[in-house]
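I have placed the structure first, in the form of C-alpha cells, so that the comments after it can refer back to it.
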Amino acid sequence: MTDVQRYEAPTTLEAAAEILKGGDVTILAGGTDLMPQSEAGRIRLKPVLMNIRRVAELRGIEKTDGMVRIGALTTITEILESDLIRDTLPVLAEAADRFASGQIRNMGTIGGNICNASPAGDTLVPLLVLNAEVELAGKPNGHLATRRVALADFLAGPGRTRREAHELLAAVVVPVPPEGFRARFAKFGTRPALDISAVSVAVGGVLHGGVFTDVRAAFGAVAPTPIRGPATEAALEGKRLDDATIEAAAQAAHDEVRPIDDVRASAWYRREMIHSLTRKVLSHVADA
Amino acid sequence: MSLTREIRFTLNGVERRASVPVTMSTLTMLRDVLRLSGTKYGCGEGECGACTILVDGVTANSCIMFAVDCDGRSLTTIEGIAADPASKPLRDALVEHGGVQCGFCTPGMVVQASHVLHKHPHADPETIKRGLEGNLCRCTGYKKIVDAVASVAGTMEAAQ
Amino acid sequence: MSTATIAATIAKDSLIGKRIPKMDAPEKASGKTRYIHDINLPGQLHAKILRSARLHARILSIDTSKALALPGVHAVITAADVPEQRPIGVKKDHLSLKGDRVRSYRDEIAAVAAESVEIAEEALKLIEVAYEDLPPLTDPRDARSPGAPVLHDAVPDNVAMTFEYANGDVAEGEAESDVVIEDEFSLHYVTHCCMGVSGIIAEFDPSGNLTLHSNTQVPFLHKREFADLLDIDPGRIRIIQPPIGGGFGSKLDIYPFEPICVFLAKRTGRPVKLVFTREEEFMASPTRQPVILTLRSGVKKDGTLTFRSVRTLHDNGAYTSWGATTPFVMMQTFSSLYRVPHCDYRTEAVYTNNPYAGSFRGYGNLQATFALEQHMDKLADALGIDPLEFRLKNAQEPGEVTPQGMNFKTCGLKECLTTAAESSGYREKRRQHIAERSAPGSVKRGVGIASMLHVGGGAKIYPSDGCGTILKLDDFAHVTLMTGASEIGQGSETVLAQLVCEELGVPLDAVTVVNNDTDITPWDVGVHASRTTFIAGNSAIGAARKARDKILHAAAKVTNLTAEQLDLRRGCIVRAEDGQVLMPLAKLLRSLHFSDKADLVITTHYYEPPSQHQDRQFKGDVSAAYAWATQVVEVEVDTDTGIVRLLKVWAAHDVGRVLNRLGIEGQIEGGIVMGQGYALTEDLMVENGRCRNPNFRDYKLVTAPEIPEMDIRFIETMDGEGPQGAKGVGEAPAICMAAAVANAIENATGVRITSLPFTPERVYRALKEARHD
C-alpha cells in the first residue's frame with residue numbers, strides 16, 4: 001500500500017496522458033473504490049499515484065450531434081440530478097438512484113465505476129443497453145489522440161478493462177436513443193440502493209404500436225462482467241410486448257445467464273431472480 | 001517511509017495546511033493529524049456513514065477519500081457544523097426527540113441530515129430515510145432520528 | 001437563588017412518565033463526546049494482534065525476530081513471553097495468547113506494541129508462524145461422533161457444558177395430550193455490530209497500579225478477573241469507562257485482547273491502546289449463540305397446554321464464553337411462558353473450531369421464543385382454535401408462581417396480548433390473509449403474533465445482584481449521584497437522575513451522575529439482564545430518601561413543622577399541604593454545613609433485590625420482577641423473489657411503569673429493529689470456521705428506509721418492588737420479533753419456516769419446496 005514514490009495532480013488531459021506514458025501509474029478519480037480496495041490489499045498502488053480530479057476536460061455533460069457525452073469525472077449525483085440525463089437517458093438516472101448511498105454518489109465518478117469493472121456495476125448495465133462507448137485518450141505517438149470502444153468490448157473481466165496503460169478514460173459517449181425508445185433498470189435487493197446487486201437487469205427498445213424493436217437487454221452480476229443478452233433480445237425483437245412475450249423473454253434470460261455461487265447468492269437463485277426481475281422490468285417498459 | 005505531500009484546504013472555514021502521506025485517508029488526517037475526534041471510524045469502507053463530512057458542500061465518507069484529494073477544497077466536519085448556530089435546531093431536535101442513544105453514529109447523522117435538509121428543505125420522512133440510507137445506527141432503530149429531522153424540515157436553513 | 005425570585009407556592013409535579021431527553025445527548029450531537037477511540041494518553045503505544053491463519057493446528061514455531069527488529073516496535077509477545085498468563089472465560093478454558101495450539105481463526109498468537117498503528121500492522125506481517133494442521137471440527141452435530149477431533153484434551157467428549165431441567169412429568173403430560181407436535185428449529189450466527197468497535201487502553205503507574213480504560217459492562221467483575229489474571233491485588237486496579245459506542249451484551253466477558261493489552265503495557269512500561277478494525281470486530285467479537293433446537297409440545301383438545309420437551313445443541317465454538325449459559329434463560333421461557341404443567345429441557349454445548357458466542361441482548365430468549373411461539377400457532381391450528389384465544393387461555397395472571405418457581409407478582413401478559421391484537425386488528429387481518437393466499441398476485445401479506453417473558457428485576461446469578469449508590473448535595477443544592485451502574489447508551493443515567501429528582505424535588509439539570517470510575521463509584525454487578533433501571537433505580541431512590549429524610553428533619557427544626565408536613569419541590573422546602581415556599585433548599589443546606597453541628601448531606605444505599613438464587617435444579621424466583629411483551633407484525637412477502645418486507649409492528653410492553661417515555665420508546669424501537677435484523681437481514685456466514693462476510697457490505701444491518709411503522713403501547717402493572725413501579729425493558733423488544741415474523745410469513749403463504757434468517761433466497765427456496773410437496 002505504501003509503495004507510492006510519486007504523486008501527480010495534472011490539470012490538463014495532455015499532462016495526464018504524458019504522465020501515463022511513463023508507466024506504472026494508478027489513477028485516482030473519486031477514490032471511493034480505490035481507497036478501500038488498496039487498504040484491503042486487493043489493489044496494490046503503483047509507484048505513481050495520479051489524481052485526475054483537476055483535469056477540466058474530464059467534466060461536464062453535453063449533447064452534440066446526436067450524442068450525449070458524459071465526462072469521466074461526472075459524479076453519480078451529477079448524473080442523478082442532470083436534466084439532460086433525465087430527459088434523454090432516464091434509465092441511467094434510474095440506475096444512479098439505486099447506487100450505494102448519498103455520500104458515495106457525491107464522490108463516485110462514472111469513469112471510476114466503468115474502470116472498476118465490477119460484474120455488478122450499477123451504471124454499466126444501463127450503459128450497455130444504451131449502446132455506450134468509452135472514449136480513451138492517450139499519447140501513443142507523441143500527440144494526444146482519442147479512440148472509442150464499445151463498452152461491451154471494453155469490459156474484459158472482473159475488475160479488468162481493455163484500457164491500455166498509457167490511456168485515460170476521458171468520457172462515456174452515448175447515442176441519443178431513437179424516437180419511442182423506452183428503457184428501465186432494476187436491481188435485486190431489499191433496500192432502495194445500498195446493496196451490491198445480487199443481480200440487475202436493464203431492458204430498452206423502441207415501443208411503437210405495442211411492438212418492441214431495436215431491443216437491448218443487459219444483465220449484471222451474472223457473468224464476469226455486465227453483459228448483453230442476445231437470446232433475450234431475440235425473444236423480444238419485433239414482437240408485441242404482451243404477457244406471453246414477456247414470459248418468453250424472462251425464460252430466455254434465465255437460460256442464457258451464467259451466474260456463480262458467492263456470498264451474496266447462489267447461482268440457482270440468481271437465475272431465478274433474473275427471470276423474475278426481467279419480467280418486472282419488461283412490465284414496467286410495457287406500462288410506461 | 002511513505003511519500004508525503006503538503007496540502008492546503010479550508011477546514012470549518014479556516015485556511016489550513018497539512019503534510020500528509022499520499023495514501024492516508026481524509027478520516028485519518030482529521031483524527032490523527034488535525035486532532036479532531038468528532039468524525040468517527042465505523043468501518044473504513046464507506047458502508048456505515050460514521051465518518052461523514054462535507055466536501056465542497058456535499059457529503060462524503062471521509063474514510064474512503066484520499067487526504068491529498070483535499071488539496072484546494074473546503075471541508076466541514078461535525079465540529080464546524082456544531083459551531084454554526086444554524087445547526088442548532090437540528091441538533092436540539094435530535095436531543096428532544098430522543099434520536100441519540102450511544103451517540104456514536106450521531107455526528108455522521110447530523111452532517112448527513114443537515115445536507116439532506118439543505119437539498120430538500122421540506123423533506124418528508126421517506127426522503128429523509130433515503131437521505132440517511134448510508135448512515136447505520138444500531139441503537140435507535142432510526143425512527144426518532146427521522147422524526148427529529150422531519151420536525152425541522154421546512155423551518156431552517158441547514159448549516160453549510 | 002434568592003427568595004425574591006421564587007414563586008410563593010409550588011404545586012407538586014413529577015418527571016416520572018415524561019419525555020426527558022438524555023442528559024449526554026447535546027454533547028453527543030455536537031461531536032464532543034470522547035469515546036475510547038478518541039482517547040490518547042501521552043506516550044501511548046498502539047497494539048495489534050496476530051490471529052491464526054489456520055482453523056485447527058499445532059503451533060510448531062513462532063519467529064518474532066524480524067518484527068522486533070522493525071523500527072518503532074517496542075514489544076512483540078507470544079504465549080512464551082507470558083508464562084504466568086491464566087485462562088479466562090466462563091470455563092477458564094481460554095488462554096489469551098495461544099502457545100501450542102490454535103482452535104479457530106480468531107485465535108490470538110502474538111501481539112505487537114509500536115509507535116503507530118501502521119508500524120504495528122507492518123510488524124504483524126513479519127511474524128513467521130509454522131503450523132501443523134489438525135483435523136477440523138466445524139459441525140456441532142459431529143462433535144460427539146466416534147473419532148471426532150478432540151479440541152480440548154481435558155474434555156475428550158467435546159462437551160463443554162450441559163444443562164438439565166425438569167418440572168412435572170413430561171411423559172405424563174404427553175399421555176394427557178390430544179395433539180403432540182415436534183419440530184427442529186435452527187438459529188444462526190449474528191453479531192452485535194456496535195457502531196463503536198472494541199478497544200481498550202491499559203496503563204501501569206510507577207507503583208504497579210493498573211488503570212484500564214475499558215468499555216466493559218461489568219467493571220467490578222472485571223476488576224476481580226484482571227486481578228486473578230495478573231496475580232495482583234484487585235485494589236490496585238482501576239477501571240475507567242469512557243462513553244461506549246454500543247454494548248448490547250458484547251462487553252460482559254473478558255476477551256483475549258484485553259489481557260493482551262495489559263501484558264504489553266506491563267512489558268513496555270507505556271500506556272498501550274488497542275482498537276479493532278471493523279473486519280476484526282466481525283471476526284473476533286463474540287456472536288449470538290447459534291442453536292439447533294428440537295421442541296416437542298402437547299395440548300389437550302380444550303386448548304390447555306400440557307407439556308414442552310426441549311433438546312438443544314449449542315455450538316460452543318473453540319472456547320467457552322457466555323453463549324454456553326444461554327440455556328439458563330431459555331429454560332425459563334420454556335417452563336414459564338404461558339402456563340405449562342410439565343417441562344423438560346436438556347442442552348449440550350459442544351466444542352468446535354467455529355467462533356464462540358457471548359451474551360447478546362435477549363441472551364438465548366430470541367432463540368427459545370422463536371420455537372415456542374411457532375408451536376403456539378401450530379397447536380392452535382391443529383385444534384382449530386384462534387391463536388389469540390389459545391394464548392389468552394394459557395396466559396398467566398398476577399400472583400401465579402410457575403413450576404420453575406418464578407413468582408409473577410405483577411403480570412401483564414393478558415393485557416399485552418389483547419392490546420397488541422386490538423391495536424393491530426390481528427384477528428380480522430389473519431383471517432383475511434388466509435383467504436387471500438389463493439387470490440391472484442405474487443405479493444402476499446400476513447400478520448403474526450408472539451409474546452415474550454424475560455427477567456425484569458435483575459437475575460440473581462452472582463452472590464449479589466445489588467447496586468450501590470453514594471449521593472451528595474453541595475451548598476448550592478447541586479446533587480452528585482455516584483452509582484455503580486454503567487451507562488451503555490440506553491439512558492440509565494437520565495432515568496436515575498429522574499428518580500433522584502422525584503425524591504429531592506430538584507430540577508434535572510441540578511444533578512450530575514458519575515458512573516464510570518471504579519475508584520469513585522460503589523459496586524454494581526453490571527449492565528445485563530435488563531436490571532439497571534430496577535436495581536440501580538432502587539439503590540438511587542434509597543440514597544435519595546435518606547438524604548430527603550435528613551433534609552426534612554433539619555428543616556423541621558427551623559420551620560416549626562414536622563418533617564411529614566414538609567416537602568421538597570423545585571429546589572425549595574415547602575409546606576406539603578399547600579406548597580407554600582418556606583426557604584430555598586440551598587439555604588437549608590448551607591445552614592446545616594456552617595452551623596456548630598457542621599454537617600453535609602451525603603448518603604449511601606446498597607440495594608439487593610429480593611430475588612432468590614436458583615437451587616441446583618434451577619428452581620427459584622431468580623428475579624425481583626418479570627417483564628412481558630406481545631408484538632404483532634405485518635409482513636409483505638413477494639413470492640416471486642422471497643423478499644419479506646416488514647410493514648408494521650404493534651408492540652404492547654408490560655414495563656411496570658414508564659419512567660422516561662422518550663427513553664423507553666427509544667429502547668423499544670431500537671430493539672424492534674434489532675429483532676427485524678435477526679429475523680430478516682442479518683447473517684454472519686460462517687463456513688468451515690471462517691467468517692465469509694466480515695463487513696457491512698455483506699452483513700446487512702437494517703437501514704433507515706427499511707424500518708417498519710411502529711405502534712408502541714405500554715401496560716403499566718405498577719410493580720410493587722420496582723422503582724416507582726418500573727421493571728426492566730432493555731432486552732424485551734428484540735425477543736419476540738423473529739417468532740412474530742415467522743408466524744406472519746406462515747399466515748401470508750401457508751409455509752412455516754423453522755430456520756433463520758428469512759433472507760430472500762432462503763424464503764424463496766422454502767416457498768418453492770413447499771409448492772413441490
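Hydrogens, waters and symmetry mates play no part in the numbers below; they use all other heavy atoms, side chains included.
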Can a salt bridge be assigned to the pair B/D147 and B/K144 using a cut-off of 4.0 Å between side-chain N and carboxylate O? no
Donor on one side chain, acceptor on other, B/T59 and A/N106, under 3.5 Å: yes
Side chain, backbone, both or neither: which part of B/V116 has a non-hydrogen atom closer than 4.5 Å to chain A? neither
Heavy-atom contact with chain B under 4.5 Å, split by part of A/T75: neither
May I ask you to check whether A/Y269 and A/F188 place their ring centres under 6.0 Å from each other? yes
With respect to chain B, which residue among A/R6, A/Q37, A/M107 yields the maximal number of heavy-atom pairs within a distance under 4.5 Å? A/M107
What I want to find out is whether A/D97 reaches B/R130 closely enough, with some N-O distance under 4.0 Å, to be called a salt bridge. yes
Tell me, with the steps shown, if B/R8 and B/D71 meet salt bridge (Lys or Arg N to Asp or Glu O under 4.0 Å). CA-CA 5 Å; B/R8 297 170 87 131; B/D71 195 27; over 6 Å; no
Do the charged groups of A/E78 and A/R59 touch, with an N to O distance under 4.0 Å? no
Look at B/K119 together with A/E81 and state whether they make a salt bridge at an N to O cut-off of under 4.0 Å. yes
Against chain A, label B/S25 side chain, backbone, both or neither, depending on which of its atoms sit under 4.5 Å from a heavy atom there. both
Taking only heavy atoms into account, what residues of residues 48-58 of chain A are found under 4.5 Å from chain B? A/L49, A/N51, A/R53, A/R54
Between B/N135 and A/Q103, is there a side-chain donor-acceptor contact under 3.5 Å, judged purely by atom types and distance? yes
Charged N-O contact under 4.0 Å between A/K187 and A/D195: no
Heavy-atom cut-off 4.5 Å, strictly under: side chain, backbone, both or neither for A/R105 against chain B? side chain
Cut-off 4.5 Å, heavy atoms of chain B, and the answer for A/A40 is neither
